[in-house]
Amino acid sequence: MITRDPAPLADFEEHRLRMFAIAYRMLGSAAEAEDTVQDAWLRWSSAGREDVEHPGAWLAKAVTRLCLNRLTSARARREEYAGPWLPEPVLTGDGALGPLESAEQRDGVSIALLVLLERLTPVERAVYVLREAFAYGHREIAVLLGLTESHCRQLYRRAAVKVETGRAETGRAETGRAGAGGAGSLSRRRFEPDRAQWQNLVETFLTAAREGDLARLESMLSADVRYVADGGGIVSAARRPILGREKVARFLVGALRKYGAGLPISLAEVNAEPALLFGGAVVLQVEFEDGLVRGVRSMANPEKLEFLQRQLSHSLGLSGRSW
């Protein structure tokens with residue numbers, strides 16, 4: 001009887017979560033991250049591993065380079081995407097994207113930051129993600145990417161400037177941090193409510209929207225509030241961002257009346273931030289700043305919700321509370 005050596009699979013499984021976490025941050029897509037991890041397994045299972053001293057480093061290198069290949073074609077697809085493009089939402093209460101204990105770690109998987117990372121070239125994104133999210137040194141990154149250390153430093157600085165410029169353009173530029181990246185590139189909002197505060201705020205927000213109380217709803221929105229929806233041309237969704245307190249309030253009231261009636265609504269942790277799930281068919285993230293709603297993101301493309309729906313079948317997310 002022929003038996004397979006279990007060691008390759010054991011080594012691979014030990015690093016699966018980290019590989020998925022790298023790939024998701026690189027690609028903004030859970031489905032593509034899963035495919036990338038599978039491709040890495042095919043390479044690992046057929047590779048000569050006699051000279052592999054550190055399987056984790058070998059697999060991180062394989063995943064990163066596979067992501068670079070995918071990003072080139074992904075950019076072309078996203079230029080033809082119907083309406084605004086948002087990353088695929090992922091439930092993070094179960095550790096699907098790795099440890100998210102600090103504010104910087106949570107910001108590193110936020111939908112807002114993943115959107116900003118779309119501004120980077122593939123190799124800039126690789127350097128930035130490995131440095132900021134996983135605290136790789138520039139020398140380690142150089143080995144993974146086959147670049148010089150000085151080039152990696154230049155790429156990182158360039159990427160950090162692009163991210164901070166994006167934050168400034170969306171009103172999110174704040175005092176930076178001194179951390180792994182050393183450039184303060186993962187800044188946080190001036191006001192980040194804890195989960196209990198967020199739940200109270202969003203209950204008030206949701207009640208006002210459901211009841212059509214425009215005055216109350218507008219009082220909760222910042223003057224420059226921004227609503228962005230991703231329907232992918234598959235489901236009905238706003239094709240352009242909606243800007244301004246009055247326009248966003250009226251749109252939300254109308255949308256909830258038309259599409260939200262009868263759908264169960266629950267609270268869950270999505271990309272390290274609380275979100276509302278409308279029957280598993282729509283994910284709505286409400287972003288607060290200084291006690292007001294600064295942004296609303298609606299993710300309704302059913303193709304982008306398949307991973308989250310699989311997660312929901314095994315978990316209730318953050319609280320499982322329904323309204």
Side-chain angles (χ1 to χ4, degrees), residues 7-8 10-28 32-33 36-45 47-72 74 95-110 113-114 116-164 176-187 272:
D11 287 337
F12 186 85
E13 290 299 329
E14 180 183 351
H15 300 284
R16 178 185 287 275
L17 178 60
R18 187 177 183 84
M19 286 188 288
F20 179 81
I22 291 173
Y24 177 75
R25 288 166 173 83
M26 284 280 293
L27 301 170
E32 289 192 49
T36 300
V37 172
Q38 181 61 29
D39 289 344
W41 162 249
L42 294 176
R43 291 192 176 193
W44 174 249
S45 62
R49 294 178 296 278
E50 297 80 6
D51 298 327
V52 177
E53 186 175 353
H54 301 291
W58 191 100
L59 291 166
K61 181 176 182 178
V63 163
T64 302
R65 294 196 171 187
L66 286 166
C67 286
L68 288 174
N69 293 337
R70 285 180 175 269
L71 279 172
T72 301
L97 296 178
L100 299 174
E101 298 171 359
S102 69
E104 290 77 20
Q105 287 174 324
R106 292 192 297 275
D107 191 56
V109 297
S110 69
L113 181 69
L114 291 173
L116 289 178
L117 294 186
E118 291 294 305
R119 295 169 175 243
L120 309 183
T121 67
V123 70
E124 286 173 348
R125 186 163 183 165
V127 171
Y128 188 88
V129 165
L130 291 171
R131 180 68 171 159
E132 285 289 340
F134 299 96
Y136 277 80
H138 288 295
R139 182 174 300 176
E140 295 173 289
I141 297 172
V143 172
L144 288 179
L145 299 179
L147 303 172
T148 65
E149 185 176 345
S150 61
H151 190 193
C152 286
R153 291 182 183 277
Q154 292 173 353
L155 289 167
Y156 172 76
R157 286 194 293 268
R158 194 183 306 158
V161 167
K162 288 182 180 180
V163 170
E164 286 306 302
R177 66 173 175 96
S185 53
L186 289 186
S187 53

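Just so it is clear, the values below take in all heavy atoms, side chains as well, and ignore hydrogens, waters and symmetry mates.
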For this session: Report the C-alpha distance between Leu145 and Leu155 in whole Å, list the side-chain angles of each, state the deciding distance to 0.1 Å, and finish with yes or no for side chain to side chain contact (heavy atoms under 4.5 Å, CB included).
Result: CA-CA 12 Å; Leu145 299 179; Leu155 289 167; 5.7 Å; no
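- Every side-chain contact (heavy atoms from CB on, under 4.5 Å) that Ala40 has, sequence neighbours left out, goes to Phe12, Met19, Val63, Leu66.
- Shown here for Val109 and Ala272, the closest heavy-atom pair between the two residues is CG2-CB, 3.7 Å.
- For Arg18, there are no salt bridge (charged side-chain N to carboxylate O under 4.0 Å, His left out) partners two or more places apart in sequence or in a different chain.
- By the side-chain contact (heavy atoms from CB on, under 4.5 Å) test, Ser45 is found to be paired with Trp41, residues two or more places apart in sequence or in another chain being considered.
- Put simply, CG on Leu116 and CD on Glu164 are 9.0 Å apart, with the number rounded to the nearest 0.5 Å.
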For this session: Check the pair Thr121 / Lys162 against side chain to side chain contact (heavy atoms under 4.5 Å, CB included), numbers first and verdict last.
Result: CA-CA 10 Å; Thr121 67; Lys162 288 182 180 180; 4.3 Å; yes
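- For Phe134, there are no ring pair (Phe, Tyr, Trp, His ring centres under 6.0 Å) partners at least two apart in sequence or on another chain.
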For this session: Quick one: do Tyr156 and Ile141 satisfy side chain to side chain contact (heavy atoms under 4.5 Å, CB included)? Show the steps, please.
Result: CA-CA 10 Å; Tyr156 172 76; Ile141 297 172; over 6 Å; no
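- By the side chain to side chain donor-acceptor pair (under 3.5 Å) test, Thr72 is found to be paired with no residue, residues two or more places apart in sequence or in another chain being considered.
- We find the CG-CG distance between Asp39 and Asn69 to be 10.0 Å, quoted to the nearest 0.5 Å.
- Qualifying side-chain contact (heavy atoms from CB on, under 4.5 Å) partners for Arg65, counting only residues two or more places apart in sequence or in other chains: Lys61.
- Atoms CG and CG, on Leu114 and Asp107 in that order, are 9.5 Å from each other to the nearest 0.5 Å.
- Residue pairs that meet the salt bridge (Lys or Arg N to Asp or Glu O under 4.0 Å) test with at least one member in residues 144-158, sequence neighbours left out, are Glu124-Arg158, Arg139-Glu149, Glu149-Arg153.
- With Glu132 contributing its side chain and Tyr128 its backbone, the two residues share no donor-acceptor pair below 3.5 Å.
- Applying the side chain to side chain donor-acceptor pair (under 3.5 Å) test to Glu140 and every residue at least two apart in sequence or in another chain returns nothing.
- When all heavy atoms are compared, the tightest approach of Cys67 to Thr36 is SG-CG2, 3.9 Å.
- Residues satisfying the side-chain contact (heavy atoms from CB on, under 4.5 Å) criterion with Ala62, sequence neighbours excluded, are Trp58.
- Residues Asp11 and His15 approach most closely at O-CD2, 3.1 Å, considering heavy atoms.
- For Arg43, the salt bridge (charged side-chain N to carboxylate O under 4.0 Å, His left out) criterion is met by no residue, not counting sequence neighbours.
- The minimum heavy-atom distance linking Phe20 with Ala96 is given by the pair CD2-O, 3.6 Å.
- To the nearest 0.5 Å, atoms CG (Leu100) and CD (Gln105) are separated by 6.0 Å.
- Between Cys152 and Val127 the shortest heavy-atom distance is O-CG1, 3.6 Å.
- Between Thr64 atom OG1 and Leu59 atom CG the span is 10.5 Å, to the nearest 0.5 Å.
- Shortest non-hydrogen contact noted between Gly98 and Leu17 is N-CD1, 4.2 Å.
- Scored by the side chain to side chain donor-acceptor pair (under 3.5 Å) test, Glu13 finds Arg16 as partners (sequence neighbours excluded).
- Among pairs with a residue in residues 19-28, none fulfils salt bridge (Lys or Arg N to Asp or Glu O under 4.0 Å), at least two apart in sequence or across chains.
- With rounding to the nearest 0.5 angstrom, the CZ atom of Arg125 is 7.0 Å from the CE atom of Met26.
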